[in-house]
Amino acid sequence: MKYKLQSFIENKYTTNFILAVIIINSIVLGLLTYPAITLKYGKLLTDSCTICVLIFTVEILIKLYVYGKNFFKDGWNNFDFILVAMSWIPTGGAFSSFRAFRVLRALRALRLITRLQKLRIIVQAIIESIPNVGWASLLLLLIFYIFSIMGTTMFAEAFPEFFGTIGKSMYSLFQIMTLESWSMGIARPVISVFPFAWVYFISFILTSSFIVMNVIVGVVVNAIGELSEQNRKEQELKKIQNSTNLEIELNKLKTQISVVENLLKTNSID
């Protein structure tokens with residue numbers, strides 16, 4: 001029974017069906033945010049969500065039965081289990097006033113991550129890059145702090161709204177780093193009063209946006225490349241193991257056939 005259920009749940013058609021249900025559920029959750037659509041098709045959309053949750057629950061229960069304790073040894077299985085469990089948090093009746101419970105429904109779309117291998121690799125790379133990204137972020141914070149002190153010291157009197165305090169300076173520098181209205185909104189008014197302020201702004205942008213941020217991106221991209229290569233090697237190893245197992249089974253079958261042929265020959269001689 002377990003073997004049949006395992007073959008069923010790991011079948012590519014079943015996997016693709018669950019993926020389709022996740023996509024449909026995500027679309028339905030989006031449609032439920034439109035009042036006009038909800039007013040007209042609210043019951044149909046809600047029933048569709050319920051059916052999707054039931055399908056997810058059946059899938060998880062089958063996996064729990066098939067894999068037992070081994071189910072929770074896989075981090076992605078745990079992630080799936082938590083998302084499905086949160087789907088059963090009540091959102092109506094006495095709980096209808098708790099908007100946070102209804103917001104949690106949107107998290108079901110995250111199941112796409114567990115179903116699409118490329119997304120899993122990216123998420124895993126981001127998680128594994130956290131230590132290195134943390135050090136790069138610390139460097140970025142140090143740069144922010146240094147330039148904030150410089151900006152507050154030079155421009156606080158003339159532009160207190162931008163550089164009046166360390167906090168305001170850091171916020172202004174964050175806007176500059178994102179390149180959002182930094183020129184006309186902050187830099188040009190300051191340069192009109194302090195002609196050499198362009199050196200300050202250009203050096204900060206080059207340091208923060210074009211160097212440190214690229215380092216962070218490079219760390220994540222490198223992790224993605226390493227995980228992709230590791231995943232490719234694991235798949236090749238599985239193929240080799242499967243072919244080896246198949247070869248062993250074929251050799252056993254050949255041996256059994258030879259034994260049967262020998263027995264037939266012996267019986268025919270007798």
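Of all the heavy atoms in Leu173 and Phe204, the pair that sits closest is O-CE2, 3.3 Å. Here the shortest heavy-atom pairing between Trp182 and Gln175 reads CB-O, 4.4 Å. Here the closest heavy-atom approach between residue Ser203 and residue Thr207 is recorded as O-OG1, 2.7 Å. What you find for Lys63 and Phe71 is that their closest heavy atoms are CB-CE1, 3.6 Å. The two residues Pro189 and Ser183 make their nearest non-hydrogen contact at CD-O, 4.0 Å.
The closest donor-acceptor contact from the side chain of Thr14 to the backbone of Phe8 lies under 3.5 Å. Distance alone, capped at 3.5 Å, places no donor-acceptor pair between the Asn222 side chain and the Gly218 backbone. In this structure, Thr38 contributes its side chain and Leu32 its backbone to a donor-acceptor pair below 3.5 Å.
Using a 4.5 Å heavy-atom threshold, the side chains of Phe147 and Ile143 count as touching. Side-chain atoms of Val190 and Trp198, non-hydrogen and from C-beta on, never get closer than 4.5 Å to each other. With a 4.5 Å cut-off on side-chain heavy atoms, Asp80 and Trp76 do not count as touching. A 4.5 Å side-chain heavy-atom check between Thr15 and Leu19 finds every atom pair outside the cut-off. A heavy-atom distance below 4.5 Å is not found between the side chains of Val53 and Val84.
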**Message:** Evaluate Thr57 against Trp88 for side-chain hydrogen bond (donor to acceptor under 3.5 Å, both in side chains), listing each step before the verdict.
**Reply:** CA-CA 9 Å; Thr57 305; Trp88 286 100; 2.8 Å; yes
Could you please spell out the steps behind the side chain to side chain contact (heavy atoms under 4.5 Å, CB included) verdict for Leu140 and Met177?
CA-CA 11 Å; Leu140 183 62; Met177 185 188 71; 4.2 Å; yes
Report task. In sequence, state the C-alpha distance, the side-chain angles, and the governing distance for Asn77 and Phe81, and then conclude on side chain to side chain contact (heavy atoms under 4.5 Å, CB included). Result -> CA-CA 6 Å; Asn77 285 341; Phe81 181 83; over 6 Å; no
Point to revise | CA sep, side-chain torsions, deciding dist, call: Val28, Cys52, side chain to side chain contact (heavy atoms under 4.5 Å, CB included) | key: CA-CA 10 Å; Val28 170; Cys52 290; over 6 Å; no
(message) Using the rule given for side chain to side chain contact (heavy atoms under 4.5 Å, CB included), can you reason through Phe174 versus Phe144, listing the C-alpha separation, both sets of side-chain angles and the distance that settles it, and then say yes or no?
(response) CA-CA 8 Å; Phe174 181 80; Phe144 261 78; 4.0 Å; yes
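Other residues, nucleotides and ligands contribute over 12 non-hydrogen atoms within 6.0 Å of the CZ atom of Phe79. Residue-environment remark: CH2 (Trp135) stays at or below the threshold of 12 foreign heavy atoms within 6.0 Å. Applying the 6.0 Å contact sphere to OH of Tyr171 captures no more than 12 heavy atoms from other residues, nucleotides or ligands.
By the side-chain hydrogen bond (donor to acceptor under 3.5 Å, both in side chains) test, Tyr34 pairs with no residue at all, sequence neighbours left out.
Linking ILVMFWY residues whenever their side-chain heavy atoms come closer than 4.5 Å, directly or via other members, leaves Val217 and Val215 in distinct clusters. At a threshold of 4.5 Å between side-chain heavy atoms, the hydrophobic network of Ile, Leu, Val, Met, Phe, Trp and Tyr places Met170 and Ile146 in one connected group. A single hydrophobic cluster is seen to contain both Ile55 and Val58, as judged by linkage of ILVMFWY side chains at heavy-atom distances under 4.5 Å, directly or through other members. Ile205 is connected to Phe196 through a chain of hydrophobic side-chain contacts under 4.5 Å among Ile, Leu, Val, Met, Phe, Trp and Tyr, so both are in one cluster.
Note that CD1 of Ile37 and CG of Leu44 are 11.5 Å apart. Values are rounded to the nearest 0.5 Å. The structure places CD1 of Ile186 at 8.5 Å from OG of Ser181, a figure rounded to the nearest 0.5 Å. Rounding to the nearest 0.5 Å gives a distance of 9.5 Å between CG of Leu179 and CD1 of Ile176. Atom CZ of Phe56 sits about 7.0 Å away from atom CD1 of Ile18, to the nearest 0.5 Å. Rounding to the nearest 0.5 angstrom, the gap separating the CG atom in Leu142 from the OG atom in Ser137 is 12.5 Å. From Ser129, atom OG reaches atom CD1 of Ile122 across 11.5 Å, with rounding to the nearest 0.5 Å.
Pairs of residues two or more places apart, or lying in two chains, that qualify as side chain to side chain donor-acceptor pair (under 3.5 Å) and include a residue from residues 43-53 are Lys43-Asp47.
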Side-chain donor/acceptor pairs under 3.5 Å, residues 149-163, sequence neighbours excluded:
residue, atom, partner, partner atom, Å
Thr152, OG1, Ser148, O, 2.7
Thr152, OG1, Thr165, O, 3.4
Thr152, OG1, Ser169, OG, 2.6
Thr153, OG1, Ile149, O, 2.7

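Ring pair Tyr67/Phe72: centre-to-centre distance not below 6.0 Å.
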